[in-house]
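First comes the structure, then the notes that go with it.
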Amino acid sequence: MTVTEHGTILLVEDEDDLRETIREVIMEEGYTVAEAGNGAEALTWLDRNPPPCLVLLDLMMPVVNGFELLERMRADPRLKEIPVLVISALARQRLEETVAKGTAVGYLTKPLQLKALLGAVGQYC
Amino acid sequence: MTERDELERLRLALDVAGLSTWELDLRGRTVRLDPRAALLLGLPEDGRPLAIEDLLDRIDPADRAELRTVVEHALDRSRPASFRAQGRVALPGGVERWLELRLADRPSRDRVVGTVLDITHRRARAARAAEEGRINTILLRVANAFASDLVHERLVQTITDEGTRLSEAEFGAYFENVVGPDGGAYLLYTLSGAPREAFASFPLPRATAIFAPTFNGEGTVRLDDVTKDPRFGKNAPYHGHPKGHLPVRSYLAVSVRSRSGKVLGGLFFGHSKVAVFTESHERLIEGLAAQAAVALDNSELYRALQTSERRFRELADAMPQIVWATRPDGTTDYFNRRWYDFTGAPPGLEGDEAYLPYIHPDDRARTLERWRTAVRTTTTYEVEYRYREGATGLYRWFLARALPIKDEQGKVARWFGTSTDIHEQKEAIRARDVFLSIASHELRTPLTPLSLSVQSLGLLAERAPEGGTVPAAKVAERVARATRQVEHLERLVGVLLDVSRLGEGRLVLEREDVDLTAVATEVADRLRPEVERGGGTLLFTPVAAAAAPHAPVPIVGRWNRVRLDQVLTNLVANAMKYGRGKPVELALSCDGVTARATVRDQGIGVASEDHDRIFQRFERAVSADHYGGFGLGLWISRQVVEALGGSIRVESAPGEGAKFTVSLPLRGEASPAQTAGVK
């Protein structure tokens with residue numbers, strides 16, 4: 001398993017335990033993972049690094065939440081092509097509305113299915 | 001023409017005119033009558049002179065004085081000879097005749113001549129006309145009063161007064177047909193022509209033999225002399241006129257019967273002379289009684305209507321709900337006091353314009369549409385809308401319902417509606433929905449890493465070579481993480497249990513000796529790693545002993561250890577959540593009476609207008625899209641602290657962090673409101 005085969009995944013999640021768990025299971029598959037605790041940290045990272053192959057994004061977060069981050073990315077020509085996969089415990093309806101607005105490529109509902117998560121990651125990276 | 005011819009012609013003329021002549025001899029003080037005059041006066045027709053007194057004796061004593069004056073004047077030669085007087089003459093067979101005696105001429109010094117004219121018919125006609133005029137006036141007045149007056153007391157007074165006039169009675173009374181406490185009494189009601197005292201000295205008229213036919217509606221009783229009636233005076237204890245009673249001889253009594261046939265009362269008239277009441281009086285009073293019954297029926301309906309209207313208004317005004325009523329076409333014409341109090345609307349408004357301005361603009365079209373549909377289809381109206389409160393300018397939710405009230409023909413007579421303030425319920429439902437969505441999110445949050453950890457353990461096992469092993473370190477790490485999430489879940493479930501307990505007022509705290517310093521130390525040690533993981537620091541400052549600055553002083557009070565831990569954990573966790581990556585301080589102090597724990601962060605802060613709200617259930621100062629959590633931590637903390645007799649407060653401003661202070665009395669008396677919940 002090598003880490004260079006794949007691109008970098010940006011994981012934006014404020015719950016430390018969840019973020020760490022997701023990072024570990026993804027890294028075990030050989031991906032590189034960058035972490036952000038909220039939307040503001042994610043924007044800083046995006047500003048300073050080459051575009052990731054995928055953003056895994058929680059929605060309900062402090063400072064800048066997931067909805068706001070999606071809006072900012074869409075408004076930024078440099079960021080708007082980056083695929084975003086929403087991971088949230090929110091009701092399906094609200095997730096579908098978010099995806100329908102074209103601001104995300106899809107969503108996974110919490111609690112996550114590990115294989116579905118890995119499948120989605122594999123699709124983009 | 002001879003003198004004889006002239007006399008004959010004059011006699012003819014007098015015959016045709018029905019005139020007769022008489023003559024006064026001043027010297028002899030005698031009267032001479034022609035035969036016709038003698039006939040009229042009932043005196044001998046022999047042509048002999050009569051003494052003046054003999055003539056005057058024929059005249060009814062009541063009218064005699066007038067004629068005497070006339071004669072006296074005629075005897076006085078210095079006066080002109082033209083006089084006249086009218087008087088009654090009683091003739092055999094009970095006939096009464098009205099005569100007019102004139103003295104018209106003085107043909108010689110000692111003679112005065114004049115005419116005697118029978119004016120009985122003229123007088124009767126005039127009297128009839130006057131009587132008819134009098135009756136017509138009374139009837140007109142009665143009709144007016146009956147048509148315009150609906151007040152019972154005034155009506156019965158009118159009936160009695162006018163009845164007394166119509167019947168030419170001295171006394172009149174209207175007795176209402178009311179069943180008395182003894183089962184047979186009739187209430188003395190209205191009098192005319194006699195003071196109330198005249199009736200006050202004896203019991204109400206009862207159904208004695210004489211009154212019975214009237215109260216039983218058996219017909220009119222008219223007696224020329226009530227004292228001669230066999231029914232009179234049969235009742236103990238008076239046997240006849242009670243002492244001090246009106247001296248009634250002529251008696252007339254008529255029943256007043258309602259349209260339904262029920263006897264409403266009796267009209268009684270009396271006169272101290274006998275045979276005053278005639279058949280015509282009887283008919284007049286019967287007519288009056290019939291009209292009076294209609295007027296009294298109307299008055300009764302009106303009184304019933306007024307009573308029910310007044311009762312409705314009293315009831316409606318006493319209701320906590322808004323009550324309103326409309327005409328059959330849906331035009332609102334009544335609001336109770338609560339409506340005016342709530343909206344601050346000026347009185348006197350009607351129709352949709354009266355209330356629509358107070359309904360939330362977003363709810364107006366829907367409300368109006370529902371209302372019009374209900375009126376059109378005469379079906380129950382039910383709608384929820386927001387009303388603006390006049391005092392605050394804020395809108396509150398109301399549930400409006402209305403029912404059509406139908407008359408006997410099934411036509412809508414009125415709509416009655418209520419509007420009930422359901423704002424609290426609406427808010428509670430909204431808060432519950434919000435809470436449920438947050439709760440499900442919160443419960444799912446630890447489930448995700450738990451589930452992922454377990455799944456990844458499965459994946460590790462799947463990928464392990466046949467009969468091989470999986471790295472123990474990886475397994476241990478994932479099990480540790482899973483265990484942490486299970487603990488997290490346990491805490492959340494505990495919070496939900498607290499909510500249910502507190503909601504039912506069942507928070508029971510076992511008191512024990514608790515060292516606040518020990519509890520705070522434990523909380524600080526437990527949470528410090530998590531604070532540091534987020535990039536922050538946790539500084540714990542216990543009370544230091546003067547002699548040994550590094551040995552913390554115990555602060556012992558009668559509290560509950562688990563709940564105290566929960567409060568401090570909540571406050572530190574909030575500081576971590578809202579001031580992530582920044583320093584958090586936990587400090588203790590004690591003045592010997594009260595122990596204090598303060599938690600200070602450098603987080604986003606709380607605006608002063610939210611300082612009260614954040615301690616309420618399901619409330620949070622910021623959107624749940626940014627910060628998770630039930631919105632229950634501070635509420636539970638306050639409940640616990642208050643149950644321990646203490647208080648909790650916040651000092652904060654946006655962007656400047658927050659400082660929460662918990663004050664607890666060492667002896668730990670509960671505040672009165674919480675006593676019931678404390679063992």
Side-chain angles (χ1 to χ4, degrees), chain A residues 1 11-30 35-41 44 56-71 86-95 98 107-119 121, chain B residues 433 436-460 462-463 470-471 473-474 477-478 480-489 529-536 576-582 603-604 620 622-629:
Chain A
M1 244 186 269
L11 171 60
V12 193
E13 167 65 61
D14 64 322
E15 293 289 333
D16 296 336
D17 268 329
L18 178 58
R19 198 175 60 246
E20 282 163 27
T21 311
I22 294 174
R23 186 193 65 206
E24 274 170 31
V25 296
I26 295 175
M27 283 176 73
E28 220 147 85
E29 302 300 309
E35 291 174 74
N38 60 51
E41 288 177 23
T44 307
L56 286 173
L57 178 66
D58 182 27
L59 289 176
M60 284 157 77
M61 290 184 299
V63 192
V64 172
N65 69 27
F67 299 105
E68 291 161 345
L69 180 64
L70 280 170
E71 288 300 312
V86 167
I87 47 172
S88 174
L90 278 181
R92 247 165 230 287
Q93 197 195 339
R94 202 164 161 200
L95 293 174
T98 306
Y107 64 88
L108 292 171
T109 54
K110 294 178 183 175
L112 298 168
Q113 292 302 311
L114 179 59
K115 285 180 178 165
L117 174 67
L118 296 179
V121 167
Chain B
D433 289 346
L436 284 177
S437 86
I438 289 171
S440 80
H441 177 261
E442 287 302 304
L443 288 171
R444 223 174 273 173
T445 298
L447 265 185
T448 306
L450 171 61
S451 148
L452 273 185
S453 297
V454 173
Q455 288 180 67
S456 72
L457 281 172
L459 200 60
L460 280 178
E462 251 177 54
R463 287 176 180 171
V470 291
K474 278 192 178 175
E477 184 201 293
R478 268 154 225 202
R481 181 167 291 130
T483 306
R484 240 184 0 252
Q485 301 310 323
V486 169
E487 284 165 2
H488 187 181
L489 271 174
E530 213 175 318
V531 176
E532 286 169 357
R533 213 144 40 107
M576 246 158 57
K577 185 157 102 184
Y578 295 106
R580 191 184 155 86
K582 307 266 178 58
I604 58 173
R620 56 183 71 242
V622 289
S623 148
D625 281 356
H626 286 99
Y627 294 94

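Order of the sequence lines fixes the chain letters, A, B, ..., with proteins taken first and strands second; residue numbering starts at 1 for each chain.
With chain B as the partner, the residue from A/Leu112, A/Asp16, A/Ile22 showing the most heavy-atom pairs under 4.5 Å is A/Leu112. Heavy-atom pairs under 4.5 Å with chain A peak, among B/Ile604, B/Thr448, B/Leu452, B/Leu443, at B/Thr448. Ranking B/His488, B/Glu530, B/Lys474 against chain A, the residue ahead of the rest is B/Lys474, based on heavy-atom pairs under 4.5 Å.
Residue contact with chain B, scored on non-hydrogen atoms closer than 4.5 Å, involves the side chain of A/Glu68 exclusively. Interface remark: A/Ile87 contributes no atoms to any contact with chain B (heavy atom separation under 4.5 Å).
Here the closest heavy-atom approach between residue A/Glu20 and residue B/Arg484 is recorded as OE1-NH2, 4.5 Å. A pairwise comparison of heavy atoms in B/Ser456 and A/Val25 identifies CB-CG1, 3.5 Å as the closest pair. The heavy-atom pair separating B/Gln455 from A/Lys115 by the smallest distance is OE1-N, 4.3 Å. Nearest heavy-atom pair across B/Arg533 and A/Asp17 is NH1-OD1, 3.9 Å.
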Verify side chain to side chain contact (heavy atoms under 4.5 Å, CB included) between B/Leu447 and A/Lys110, making sure each step is shown before the conclusion. CA-CA 8 Å; B/Leu447 265 185; A/Lys110 294 178 183 175; over 6 Å; no
Kindly determine whether A/Glu29 and B/Arg463 satisfy salt bridge (charged side-chain N to carboxylate O under 4.0 Å, His left out), including the steps that lead there. CA-CA 12 Å; A/Glu29 302 300 309; B/Arg463 287 176 180 171; 2.5 Å; yes
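Once rounded to the nearest 0.5 Å, the distance linking CZ of B/Arg478 with CD of A/Glu24 reads 5.5 Å.
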